[in-house]
Amino acid sequence: MNEVECVAMSEAAAGVGAVRNWRLGKEKLLSMITMDWSRHVLPNGLTVILQPAAATALVHVSIAYRVGSMDEGPRQTGLAHFFEHLMFGGTRTLPGSYVTRMIDAGAIDVNAVTMRDMTRYVQTIPAYMLEHVLFAEADRMGDFAASLDTGIVERERKVVLEEKRQIEAQPLGKLHDWLSRGLTPPGHPYHHPTIGYEHDIANYTLDDILAWHGEHYGPSNAVIVVAGAIDPDRTLAMVEMYFGAIPPRNPPRRILAHVPSMPQQSIMRVADRIGDPGIYLQGWNTPSYVGTPRAHLALTMAAELFANGQASPLHRRLVAQDGLAAGVSATALAGRGTGMFVIRARLKAAADLRVQRAVDDAVKAFLEMPIDAERLEEVRLQRLSRTARDMVDLQRRATLLVEGEVFHGDASWYREEAGVIADLDGAEIRETAAHWLAREGFRLSVDQISTRTSGATAPKSVPAIGDAAAMPVCPPAWSTTRLRCGARLLVSQRPSDTTFHLRALGHGGRSRERPGMEGLAELAASVPMIGAGPDDAAGLSGRIARAGLSVSMAAGMQVGVANVSGLAIALPAGVALMSDMLIRPNFESPDCRRRAEAIAGSASAQAGMPNERFNTILYRALFGSDHRICAPLPATPSPSKALWGDEVRAFHRGGWRADKVDLLLAGDIAIADAETLFNAMFDDWQMGDEHLPPPRLTLEDATAGIRIVDAPEREAARLVMGWRPEAQGGEAYLMVRCLHDSLCGGFASRANRRLREEKAWTYGVGGQAGELVPGIGPLFASVSTEIAPELAGETVGELRRLVAELRSDSPITENEVEAFRRSERQRLAGLNEKAADAVDAMQFMLQHGYLGTADWQTYRTNVDRLSCDTIQARIGTLLPAPTEIVCVVMGNAAAIRASLERAGFDSAIVE
């Protein structure tokens, strides 16, 4: 019997009450924050970190360059981000889109991110692709300058300008720019937005770009981390082979710390399309994460102590006492140049002096009063527990290693940081906060806009990619039993896993709400925010923190879902917590009333907003007006007061009837020991006689056509085209998703090649494909993008042409089908990577009526059988004619309508 099973058996005998106060030990957590890795430096200065892991079939490759937007000079704003785009433009040896090439070869994820302090290029791939990816990364590091041409530069310039416009058109899309301008003076490296200013983006020259590459993209300024299913010796040999020939360069000059002082209070008030009546932010400059990391970590603890959770002083003041806010939070942002401490409050009305005074009073009291030792220990244990759980996450491990090396020159910094968190006491945290938060800061009020209408020589041969068909199916195996209370328990035993994931599935989804009571499911799923068992919200928050657990509860369309996860040794505490949440929710508490009011307030703020109208119009056209998805989400603007009375108690009991509940557990415990533990924790769960109304899932025929939602304040137009395939069922599910992937499933898809790369009309085209309600349906698919309003007509025309081509002139190709098959094979290979993945796989099988792991092999067989011919034979039932597709466009109605009419679409309706 392992440690988890021993603890589980002993705690089972004690019952729920005895386990509620269980807590993790700090020293135990520190001992779990460890991983195997090695560090190497090539003669040309490239730093290489290798992190092998046996329990995965995947590899994560991350290359970080020690350069970001803070390194930009005058008239260079946005150049770091612009250069990131250019790195995907292809080389002489590997021409064309880098993303398309890698996705076609089998990569699961290819991306990059430009930050103020560094630029990272990341890929998650099957192990067989590793040599090919290392070659390609070395090729674009070493051969970029010789491969660049003005055509690529001008194409990406249009794409970046469109990306900037789309980002800034989103609600709070300029938030980071507002904070930077409010907290830093002109000339500070953080003052300008990472994406840059439009006039600078429009004027970069080829010489500017080549100089940037020459200064910042040498091997001595880079760190590569390779983590996952690797052989370290062989991987190092490949890195040396492909990167070793790139000439060394002198490291560029870097700004390490520049914390500005603010001589006077800075105040800004703006208006934006937000979903709350108002948002209030207050911020301060804080020390550099590089220069004084201990002080920064003390401030991260102060942020959690002050504003995060029901027990925090800011929540008690603004939410519970004064009723000014629906929610509050605080965060200490890390930075090489300077840190930022930011408080945020979602308000019930526009910000006024009462809000400012309340925040000031709460900050003053926090800085003057000693920090509660018990609360500090709760926050500390939760932080350490999160880091310990990172040790089983492939991408998080790679991120910790690369950030440690880039920021601190020490890949093992994750352990140093954990040691600091374990060591900080209340006095040091309060003194650090007082030193920085007593200074002048920045106040930002965001009001809601009211709605209205109107180098080196590349190797000569490219290494082979590998065999995608060899990817195994790795589903979790599980055992099933029925508990004494009637609930079904499914356990996937994971030997040596240091974590667990527990999920409960009930049938209290949103579709079970009666008309006019929309919001009941949302409130019933708010138990972590209102309390359970003997605990109110603050007490439950502390209990979760002491055990190092992560907890969530949500209402889907058909099911209610509760999740508890943590370290394996905390399993009994997690099961006891789940028991309290399902059986003993605290709906009588004042926290419940406040939560109900917050749900109603948010719904009222969103009612009539363009996004709300857009979704309602789209869903009604696709599914009909009687389906629950067409009613307000998540709540009706004016729910009945019964929402927090007998109605929510009855809804919760009906949704979590023991005989209707499935408990899914993945962790290092045998089914017999788990059954003993769960029977002890759930033995008093009564069946009850509450029954919920039938689900509101009635479908009507889709109604095609083009509809316009007027939102004149939007700079960009949002366009969605959607359809419901005539074909339904398992085979159709795969075929529709395969077609959708070829149309808009990534940067390599047809719509992205046409609209993003060829025409530069949009930053990207995406969409959804699958079942509206898992296991029930119907199948649906959508294509979505954002474009300038004056391009709406041309975009609709191009998308319709792409649909018509797929239906007849240019049917799906074998390469596109194989790309989908590879993607599905890789997904199947990752079904059991982490405990949460195993639980996801179990839930999918349950919702689709499968009860055994062999069904995954059948699914894999169906994936392998997909072909161009089988899809084309049913194309009429999978993808309707362009004129039969629903299209909704939101933005400036006058400009959109004029554009549509120019393109020959003169029957659009303005809703």
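Computed from a predicted structure; not experimentally measured. Only this structure's heavy atoms are used, side chains among them; waters, hydrogens and symmetry mates stay out.
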ask   = Hey, what do you get for NZ (Lys759) to CD (Glu794), rounding to the nearest 0.5 Å?
value = 7.5 Å

For residues 171-180, which side-chain donor-acceptor pairs fall under 3.5 Å, sequence neighbours excluded?
from   : atom 1 : to     : atom 2 : distance (Å)
Ser180 : OG     : Arg116 : NH2    : 2.0
Ser180 : OG     : His176 : O      : 2.9
Ser180 : OG     : Tyr190 : O      : 3.3

Any side-chain donor near an acceptor of the partner, Thr100 and Arg753, under 3.5 Å = no

task = On the 0 to 90° scale, with breaks at 30° and 60°, tag the Phe135-Tyr242 ring pair as parallel, tilted or perpendicular.
result = perpendicular

message = If you define the side chain from C-beta out and look only at heavy atoms, does anything of Arg157 sit under 4.5 Å from Val153?
response = yes

query = Is it true that the side chains of Gln166 and Thr762 contain a donor and an acceptor less than 3.5 Å apart?
reply = yes

request  = Would you confirm whether Asn752, through its side chain, and Val765, through its main-chain N or O, come within 3.5 Å as a donor-acceptor pair?
outcome  = yes

message = Hydrogens and angles aside, do His40 and Ser38 bring a side-chain donor and acceptor to less than 3.5 Å of each other?
response = yes

ask   = With sequence neighbours excluded, what pairs up with Asp837 under the salt bridge (Lys or Arg N to Asp or Glu O under 4.0 Å) test?
value = Lys834

task = Determine, stepwise, if the pair Leu400 / Met391 fulfils side-chain contact (heavy atoms from CB on, under 4.5 Å).
result = CA-CA 10 Å; Leu400 290 172; Met391 299 299 103; 3.6 Å; yes

request  = For the residue pair Tyr65 and Glu84, confirm or rule out a side-chain donor-acceptor distance under 3.5 Å.
outcome  = no

message = Do Ser550 and Arg389 have side chains that approach each other closer than 4.5 Å (heavy atoms only, starting at C-beta)?
response = yes

task = For the pair Arg396 and Glu403, find out whether any cationic side-chain nitrogen is under 4.0 Å from an anionic carboxylate oxygen.
result = no

key: Under the side chain to side chain contact (heavy atoms under 4.5 Å, CB included) test, residues paired with Asn815 that sit two or more places apart   = Thr813

ask   = Hey, is CG on Asn250 packed in by over 12 heavy atoms from elsewhere, all under 6.0 Å?
value = no

task = Decide yes or no for Arg249 and Asn221: does some side-chain heavy atom of the first lie under 4.5 Å from some side-chain heavy atom of the second?
result = no

message = If you define the side chain from C-beta out and look only at heavy atoms, does anything of Met129 sit under 4.5 Å from Met102?
response = yes

message = Within a 6.0 Å radius of atom CD on Gln768, are there more than 12 heavy atoms belonging to other residues, nucleotides or ligands?
response = no

inquiry  = Ignoring hydrogens, what is the shortest heavy-atom contact between Ile195 and Val160? Give both atom names and the distance.
reply    = CD1-O, 4.3 Å

note = Output for pair (Leu739 CG, Phe820 CZ), nearest 0.5 Å, gives 9.5 Å

Contact list for residues 159-170, test salt bridge (charged side-chain N to carboxylate O under 4.0 Å, His left out), sequence neighbours left out = Glu162-Arg165, Lys164-Glu168

ask   = Once you round to the nearest 0.5 Å, how far does CD of Glu816 lie from OG of Ser749?
value = 9.0 Å

inquiry  = Between Arg827 and Glu824, does any side-chain N to carboxylate O distance fall below 4.0 Å?
reply    = yes

ask   = Can you name the side-chain hydrogen bond (donor to acceptor under 3.5 Å, both in side chains) partners of Gln170, sequence neighbours left out?
value = Glu786

query = Should we count CZ of Arg386 as having more than 12 external heavy atoms under 6.0 Å?
reply = yes

query = Going by atom types alone, do Glu72 and Thr77 pair a side-chain donor with an acceptor below 3.5 Å?
reply = no

Mutual orientation of the aromatic rings belonging to Trp413 and Tyr289 [parallel < 30°, tilted 30-60°, perpendicular > 60°] = perpendicular

query = Under 4.5 Å between any side-chain heavy atoms of Cys738 and Val817, yes or no?
reply = yes

task = To the nearest 0.5 Å, tell me how far Glu417 CD sits from Thr387 OG1.
result = 6.5 Å

inquiry  = For Phe144 together with Tyr217, are the ring centres under 6.0 Å from each other?
reply    = no

ask   = Without hydrogens or angle criteria, can the side chains of Thr91 and Asp139 be said to hold a donor-acceptor pair below 3.5 Å?
value = yes

message = Would the distance check show the side chain of Arg756 and the main-chain N or O of Tyr763 forming a donor-acceptor pair, the cut-off being under 3.5 Å?
response = yes

query = Which residues satisfy the ring-ring contact (aromatic ring centres under 6.0 Å, His included) test with His740, sequence neighbours excluded?
reply = none

request  = Calculate, to the nearest 0.5 Å, the distance between atoms OG and CZ belonging to Ser742 and Arg750 respectively.
outcome  = 5.5 Å

query = Quick one: does Leu148's side chain get under 4.5 Å of His213's, heavy atoms only?
reply = no

message = Using modelled atom types and a 3.5 Å cut-off, is there a donor and acceptor pairing between side-chain atoms of Asn111 and backbone atoms of Val122?
response = no

